[in-house]
Structure formats: C-alpha cells, structure tokens
Amino acid sequence: MFQVPDLYEECFTLVKQIPAGMVSTYGILAKALGDEIAARAVGQMLGENQNSFLRSDLPEEKLIPCHRVVYADGRIGGFTSEKGVEDKIRLLEREGVRVQDGKVADFREKLFQDFVSSEPLKRLRGEQEKLAEKIWLEDDFTLGEFGILDVAYRGRRGYCAMVVFDLNGSQRTTFAATAEINFPYIPTYLAYRELPMILKVLEYYRPSLLLIDGNGILHPRKMGIAAHAGVVAEIPCIGAAKSLLGGQLEGEKIFIRGEHVGYKCGKYYVSPGHRVSIESARKIVERYSHLIPLAHGAAKRTAILK
DNA sequence: GCGACAG
DNA sequence: ATCTTGTCGC
C-alpha cells in the first residue's frame, strides 16, 4: 500500500515546539520536515491553521503558534492579510519579541532551531530513490486505448478524473475519485499529494497506457509523478508537464545532468514514466496532446459537482 | 532585483 | 492548482 504522512499534522506539531518569546522561520521548519524546498509549503500549511492564537475559544494545548514563524531574514512574513500581520506583531510583542522596522529585534538570539523531528520528507526521498530502480524505459505496452488523468482541488479535497480514449482519440468513458489531501504541493514530491487519488481511479479501470499531468523521469530522482504512478501501479505511463522542473532544454531535447530524459512537444515537457521509451512518449504526446485539456475539464467538473 | 520552483 | 504566511543564488 502507498502510505503518505499527514504533513499538516507533522508541521503543526513542530510549530508547537517553538517556545513563547522565540521565533523560527519557514525554511528551518521545512528543514525539520526533511527538505528546505518545502519552505513555501510550510507557509501555505500555516495559512490553513484554524487554531491560531487569535482563537480565544480553544484550550491552550490546542493552539498552534504559527505567529512565531517568520522570514529567513527576520522580517515578519504573512498572516492571512495586511491586517493579519498587525495581529501577528501584537501576538509576538505580547510574548516579549520586539519588532522594529518590520523585523524581529535581536533576531539571532530569538531564533529557535532545535526541532525534534523524524524528518518525514527525508524518508520519502529515500523511497523515491528506491522505487526509481524499478523504472523500465523500453516500450512494454499495447497501444489500444489510453487514459488521460488530471486533478482539481477544492480546499483540502482533491478530485481526480481519468478520461479513456480509443486510438482515434474518441472519448470513451470517464472515471473519477476524490480524497482528503493531507500533503501540500512541494516541488519534487508531487506524487505524495496526488498518487493516492490516482490509485483509487485505477482501481475502477486500468487503461493499457496512462498519460499524467506532470513529469516522468524529468525529476531530480527520476521519480516524477508519472514514474511514481507507473512503478507503484505497475502500469505503462507518460508524463506531460506544462512547465519545466529543472533540466536543460537543448533544441527539442531535455537533459538532466547530461542525461537525455525527455522532449519538448509543443507546450508540453514530455518524459516517460514507466514501460515507455523516450521516443514513444514523444510520439504519443505529439499525436494526442490536444486531448489533455479534456481530462482537466473532467476533473474540474467533478470538483464543482461534488 | 529577478528567476527558479511539475501541480 | 488555488488563493495569496518562501528562500536562495545569481
């Protein structure tokens, strides 16, 4: 089974470790979660904190002191709105943290960094590296029908739709699944946000080939969501992303650390995920990329209707 | 100061 | 993708 940590829970548990009178930063919290790349995701998660110190109706142990988290240079950072930042400053001053010129005074002395954490993202990186060994980059599929999959969100709930097409690109059937999402978007960890929903949809129907919005091996650990889905579900899979996640573009070819991992096809950055060659991935996207927006529309409709 | 940073 | 609480490196 595919287990995903509740990163909101992990993040809030860490924030509770910051003592009154001290502050920490989004980046230090991200490091405690296991990867500094999650700094923005930390900010996003704190933005969804429903138990801030502005809540007077909750017992103290339920409160999450997200006002104690500031930017890496000591500036105050966000708190929902411009008005919210005033609240954040007031809460900090009440705890003995002075704010001068929009920055925490004596920032270095006030900075808390001794988090006790299992660094969950570190484990996930290890899992990605392990799974990457199973990627197969030769054609091992029958091009009969194929599925295009996309995801939409409404708050903490995700909606996944897979539209199945036949070889002429005629639309056949749509399958959909939804799930509560406890993992924010973090660059290079997309699978941990979306794969649970994708696996649910694949329980309803397994097409002979799958096209996913995102990367395959065009990823620092070769484990973009299309590779991750392909290996975990053991299904032929291609990734098509609308923007580049690292790598160098040389003509139509995309390289990572000198290795050819995919192609730019029209507006898409294409890389194989599993059981598909780089060349076939390119040909299939060239032929069918006009259908990708249909899956996006299907996911959106699912999200609105539910 | 601007871009990188899948969705 | 939504909805708006980053950070680092050039």
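Reminder, nothing fancy here: chain letters follow the sequence lines and each chain counts from 1. Values below: every heavy atom of this structure, side chains too, minus hydrogens, waters and symmetry copies.
- Rounding to whole angstrom units, CD1 of residue A/Ile181 and P of C/dT2 are separated by 12 Å.
- Partner of A/Val151 under the side-chain contact (heavy atoms from CB on, under 4.5 Å) criterion, out of A/Arg193, A/Lys300, A/Met197: A/Met197 alone.
- Side-chain atoms of A/Arg154 come within 3.5 Å of backbone N or O of A/Ala303 as a donor-acceptor pair.
- The aromatic rings of A/Phe2 and A/Tyr192 lie parallel to each other, their planes meeting at an angle below 30°, with 60° marking the opposite boundary.
- In this structure, A/Arg75 fails the cation-pi test against A/Phe107, since its NZ or CZ atom is not both closer than 6.0 Å to the six-membered ring centre and inside 45 degrees of the ring normal.
- Here the side chain of A/Glu36 is nearest to one of C/dT2, C/dC8, C/dA1, namely C/dC8.
- Residue A/Lys300 places at least one side-chain N or O closer than 4.0 Å to OP1 or OP2 of C/dT2.
- If you take CD of A/Gln248 and P of B/dG3, they are 19 Å apart, rounded to a whole angstrom.
- Looking at A/Asp139, its side chain does come within 3.5 Å of a backbone N or O of A/Ser277 through a donor-acceptor pair.
- Residue A/Thr80 has no polar side-chain atom (N or O) positioned under 4.0 Å from OP1 or OP2 of C/dT4.
- Among the nucleotides C/dT2, B/dC5, C/dT7, the one closest to the side chain of A/Leu245 is B/dC5.
- In terms of phosphate contacts, A/His296 brings a side-chain nitrogen or oxygen within less than 4.0 Å of OP1 or OP2 of C/dA1.
- Out of C/dT7, B/dG7, C/dT5, the shortest distance to the side chain of A/Ala39 is found at C/dT7.
- Between A/Tyr192 atom OH and B/dG7 atom C1' the separation is 16 Å, expressed in whole Å.
- Distance, A/Tyr189 OH to C/dA1 C1': 20 Å, rounded to whole Å.
- When hydrophobic clusters are built by joining Ile, Leu, Val, Met, Phe, Trp and Tyr residues whose side-chain heavy atoms come closer than 4.5 Å, directly or via intermediates, A/Leu111 is grouped together with A/Leu46.
- A/Thr302 contributes a side-chain N or O that, together with a main-chain N or O of A/Ala298, makes up a donor-acceptor pair within less than 3.5 Å.
- Taking every side-chain heavy atom of A/Tyr26 into account, C/dT7 is the closest of C/dT7, B/dG7, C/dT2.
- Secondary structure note: stems in DNA chain B built from 3 or more consecutive Watson-Crick or G-U wobble pairs under 3.5 Å occupy B:1-5 with C:6-10.
- Of all nucleotides listed (C/dT5, C/dA1, C/dT7), C/dT7 comes nearest to the side chain of A/Ala72.
- Atom-to-atom, CG of A/Leu149 to P of C/dA1 comes out at 13 Å; the value is rounded to the nearest Å.
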